[in-house]
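Since the structure is predicted, the reported quantities are computational estimates derived from the model, not experimental observations.
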Amino acid sequence: MAESLPTNGLRKTVDSGGVALGVLDNTYSPTLVEFYGDLGVDFIWLDFEHGGPDPWDAATVENLLRAADGTGTELLVRLPDTSPTLVRKALDLGVKNVFLPRVETADEVREAVKSGRFRYDGDPGDRGLAAPRARRWGLGENYIEASDEETLVGTTIETKEAVDNIDAILDVPELGFVFIGPFDLSVSLGYPGEIEHPEVQEAVETVRSAAVEADVTVGGLGFGMDDVNEKAESGYQILHVGSTTGAIESVIRGWLDDFEGQRG
């Protein structure tokens, strides 16, 4: 019996003008993905560029997806490179939101975005048509239309070259979003770790303002809820509010600091 394919809650939020809040889970735990979903976050960011399981390990990724599916939240998966083959693999497993690391040109972005679509800018896309998990192994209804409608392929803007080429990147058809990466930008601009440096902040603002002007969804990091609220007011629609390890650190340090006895 055919079944309806799931919608993309993250895409629904940003398309309606809302702001999606998410947590970076740097433990890559299905249990925590499920728990975050129960807590009500809009997405869980899984960073396969800087850590985590091999993104080609289908069984591991599927377990993370099942945890998200069971609680009605979405995974936002950063891939370790811009390979169209890897984009297609992630989407076939059932990931609906992927973004690319360290791009420099619009051509790189266009190739990856096209690889995630069956129809692209009025022409055939480069998505492979099979019966994978994303299609419910052939049982899903309207797979081609639903996939093109629900998939978001975005890109990180985290190099000087990407900032220089931002207008061309934003002009790529069907680009889902740009996610501003201030830490890697600081390295690329020659000020590693100095995310408040004027040149880094200027680059961040260049991308933000250009994306808002081009009506392309902007994502980024939040540094405390005051910053998250300010960024939401300035046009960001996909915002990271913290990480698993950051939350644990804050709580554990608080417990230890509040201890009134003597520790060895």
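Remark: the backbone N or O of Ile144 is not paired with any side-chain donor or acceptor of Ser147 at under 3.5 angstrom. Between the side chain of Asn97 and the backbone N or O of Leu76, no donor-acceptor pair lies under 3.5 Å. A distance-only check finds a donor-acceptor pair linking the side chain of Ser115 to the backbone of Ala112 [under 3.5 Å]. With hydrogens and angles disregarded, a donor-acceptor distance shorter than 3.5 Å links the side chain of Asn26 to the backbone of Thr245. Here the side chain of Gln237 pairs a donor or acceptor atom with the backbone of Val14 at under 3.5 angstrom.
A salt bridge links Arg11 with Asp15: the distance from a Lys NZ or Arg NE/NH1/NH2 to an Asp or Glu carboxylate oxygen falls below 4.0 Å. Asp107 and Arg110 are joined by a salt bridge, as a carboxylate oxygen and a charged side-chain nitrogen come within less than 4.0 angstrom of each other. Ion pairing of Arg78 with Glu49 is present here, as a side-chain N (NZ or NE/NH1/NH2) and a carboxylate O approach within less than 4.0 Å.
The side chain to side chain donor-acceptor pair (under 3.5 Å) check on Thr27 picks up Asp25, with sequence neighbours excluded. Take Lys114 and apply the salt bridge (Lys or Arg N to Asp or Glu O under 4.0 Å) test, not counting sequence neighbours, and it matches no residue. Legend: residues meeting ring-ring contact (aromatic ring centres under 6.0 Å, His included) with Phe177, ordered by chain and number and at least two apart, are Phe99. Residues satisfying the ring-ring contact (aromatic ring centres under 6.0 Å, His included) test with Phe35, not counting sequence neighbours, are none.
Within the structure, the side chain to side chain donor-acceptor pair (under 3.5 Å) test picks out the following pairs touching residues 32-44 (sequence neighbours left out): Tyr36-Thr244.
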When the side chains of residues 162-172 are checked against the rest of the protein, which donor-acceptor pairs come out under 3.5 Å, sequence neighbours left out?
residue	atom	partner	partner atom	Å
Asp164	OD2	Lys160	NZ	3.0
Asn165	ND2	Glu104	O	2.7
Asn165	ND2	Glu161	O	3.1

